[in-house]
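Let me begin by presenting the structure, written as structure tokens, before commenting on it.
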Amino acid sequence: MVNSIAPYAAPPGQVEVERVVTASICHVKEGIYAQMEDIRAHSLPHNAADGIHAILHYQSGWFVHWAEGPSPQLRALLLRLAGDPRHHSPHTLHISRGRRILPTPWSMVMSQATESAVQFGRRVMALRDQFEKGIQYSPSSVLRRLSAPMQLPQAQGLADPEAFHRVGICSAGGNEAFGMVGWLAQRTGGTVAKRRFAGEQDMDGSSEYVEFMESGHPCRMIAVARNGLTHGLRRAFLPDWPYFVMLFSGAPKFDDALMGRMAAACEGLPVTPALLGIAPNAETHQRMQAMAAEAHLAYTAAGMARPDDCNAIWQAVQQQLQHAGEPPSSVWDVPRMAA
């Protein structure tokens, strides 16, 4: 099944931008954190001035760069990057034109992956070969296929590797969302994968996910730190997530702040996740329902439980997944522009 809503045509009144995704081999052998921060410091002022928004992802000795902006400025950026000694052998994996997808001038991701550069490179070459044959996918799909492909043995060999349920989860007061992912990994025998995010200011966000099978379909639950909800890359991926679980504490100060962050993260997106609320009392559900409605977000009172009651939370999520049916794909076949 292919997602029927593709956020690629620019809506009326919005200027089109050009989008490019490339992957290249990192030359930096030591101090990659410091190098990433240096790249951010130099990129932010230039990107803001040129109307360019970009994401830089580092994993297993590779850089993946997703950039979009006015064509002349974007082409000039690519020429400058071609001469940067910190990487070599760039491969173009996506070129298209349409609405701006990335909401912020700069975002960074560092993945704590154990695989080798050779293993990562095989996925790069597979996407490059498809691109050269005139086949390409959305930028978010390209980045996910490279950095976080579905690893469940039961999902291997599926006709559509992107057809799996994505469930985000975030907690209002503590780290219960990350605890839920750890609990689910223990329950299913899965492995927790970790990501580290940085925006325009600090290396301050994190994410963890676990994969599992439910009702015969592959699924992934992704824990998101509260301060990572409005991260540029996270917002760019939210349209691909059908569900987002929100663990409320019952304390209005924290619960209202979480819903406010979610509303800000979803503002302007072409598609938003269905919000599944878990709250300790009916009053919290009523207040969150009102806030969600004001932000034009769909909210379901999925369960009544404490944010650390993993078993009750899982039962509520499991019930939603059992009625979700076939997972939609987040892949859009995008016509390729000339490089």
Side-chain angles (χ1 to χ4, degrees), residues 1-8 21 57 59 64 66 93-94 96 101 111 113 115 119-120 122-124 126-131 133-169 181 184-185 188-193 195 207-224 233-245 269-276 298 300 314 317-336:
M1 182 186 299
V2 177
N3 195 324
S4 61
I5 304 175
Y8 287 97
V21 181
H57 184 107
Q59 183 172 328
V64 181
W66 168 4
L93 307 178
H94 176 100
S96 65
I101 300 174
S111 299
E115 67 178 355
Q119 291 172 306
F120 190 93
R122 291 194 186 106
R123 295 198 293 276
V124 173
L127 286 173
R128 184 206 62 181
D129 291 346
Q130 288 184 300
F131 179 82
K133 293 175 182 177
I135 302 170
Q136 68 172 355
Y137 304 98
S138 70
S140 61
S141 178
V142 170
L143 192 55
R144 186 167 44 246
R145 284 168 179 253
L146 291 177
S147 66
M150 171 57 67
Q151 297 292 335
L152 283 176
Q154 303 95 317
Q156 303 310 305
L158 293 178
D160 184 354
E162 286 278 82
F164 59 91
H165 288 304
R166 286 169 266 273
V167 182
I169 184 167
V181 165
L184 190 55
T188 62
T191 301
V192 176
R195 298 289 185 269
S207 178
E208 297 180 2
Y209 69 82
V210 63
E211 297 171 342
F212 53 95
M213 295 294 293
E214 179 56 44
S215 301
H217 301 302
C219 305
R220 176 180 292 173
M221 179 177 282
I222 311 106
V224 180
L233 179 61
R234 177 66 60 228
R235 293 183 63 197
F237 273 85
L238 279 177
D240 296 345
W241 295 10
Y243 308 102
F244 200 103
V245 180
L269 297 183
V271 184
T272 57
L275 305 182
L276 307 179
T300 297
W314 169 239
V317 174
Q318 190 178 38
Q319 184 177 19
Q320 296 292 327
L321 291 175
Q322 287 174 347
H323 294 91
E326 293 284 335
S329 172
S330 63
V331 173
W332 293 280
D333 290 325
V334 184
R336 196 186 113 177

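Remember, it's a predicted structure, so these values are computed and weren't measured experimentally. Residues: numbered from 1 along the sequence shown.
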Partner set under side chain to side chain donor-acceptor pair (under 3.5 Å) for H165, not counting sequence neighbours: none

Under the side chain to side chain donor-acceptor pair (under 3.5 Å) test, which residues partner Q320, sequence neighbours left out? none

Taking only residues at least two apart or on different chains, which pairs with a member in residues 215-224 satisfy side-chain hydrogen bond (donor to acceptor under 3.5 Å, both in side chains)? E211-R220

With a 6.0 Å cut-off (strictly less than), is the heavy-atom count around CD of Q319, excluding the residue itself, greater than 12? no

Does [X] have any side-chain contact (heavy atoms from CB on, under 4.5 Å) partners at least two apart in sequence or in another chain, and if so, which?
{"X": "S111", "result": "H57, Q59, V109, R195"}
{"X": "R122", "result": "V118, Q119"}
{"X": "A223", "result": "I169, A177, F178, V181"}

I'd like to check L93 versus V64 (side-chain heavy atoms, cut-off strictly below 4.5 Å). Are they in contact? no

V224 side chain near W241 side chain, heavy-atom distance below 4.5 Å: yes

Could you go through the side-chain contact (heavy atoms from CB on, under 4.5 Å) check for F244 and L238 one step at a time? CA-CA 9 Å; F244 200 103; L238 279 177; 4.2 Å; yes

Donor-acceptor pair, R166 side chain versus D240 backbone, under 3.5 Å? yes

Only counting residues at least two apart or in another chain, list the ones meeting salt bridge (Lys or Arg N to Asp or Glu O under 4.0 Å) with [X].
{"X": "E214", "result": "none"}
{"X": "R235", "result": "none"}
{"X": "R234", "result": "none"}

Between atom OH of Y243 and atom CD1 of I222, what is the distance when rounded to the nearest 0.5 Å? 13.0 Å

Of Q130, E162, R144, the residue whose pairing with Y137 passes side-chain hydrogen bond (donor to acceptor under 3.5 Å, both in side chains): Q130

Which heavy atom in E115 sits nearest to a heavy atom in F120, and how many Å separate them? OE2-CD1, 3.5 Å

Could you report the tightest heavy-atom contact between F164 and P218, atom names first, then the distance? CB-O, 3.3 Å

Pairs flagged by salt bridge (Lys or Arg N to Asp or Glu O under 4.0 Å) wherever residues 146-156 is involved - sequence neighbours left out: none

Which pairs would a plain distance check flag for residues 146-155, meaning a side-chain donor or acceptor within less than 3.5 Å of a matching protein atom at least two apart in sequence or in another chain?
from: S147; atom 1: OG; to: L143; atom 2: O; distance (Å): 2.8
from: Q151; atom 1: NE2; to: P149; atom 2: O; distance (Å): 3.4

Test ring pair (Phe, Tyr, Trp, His ring centres under 6.0 Å) applied to F212 - qualifying residues, sequence neighbours left out: W314

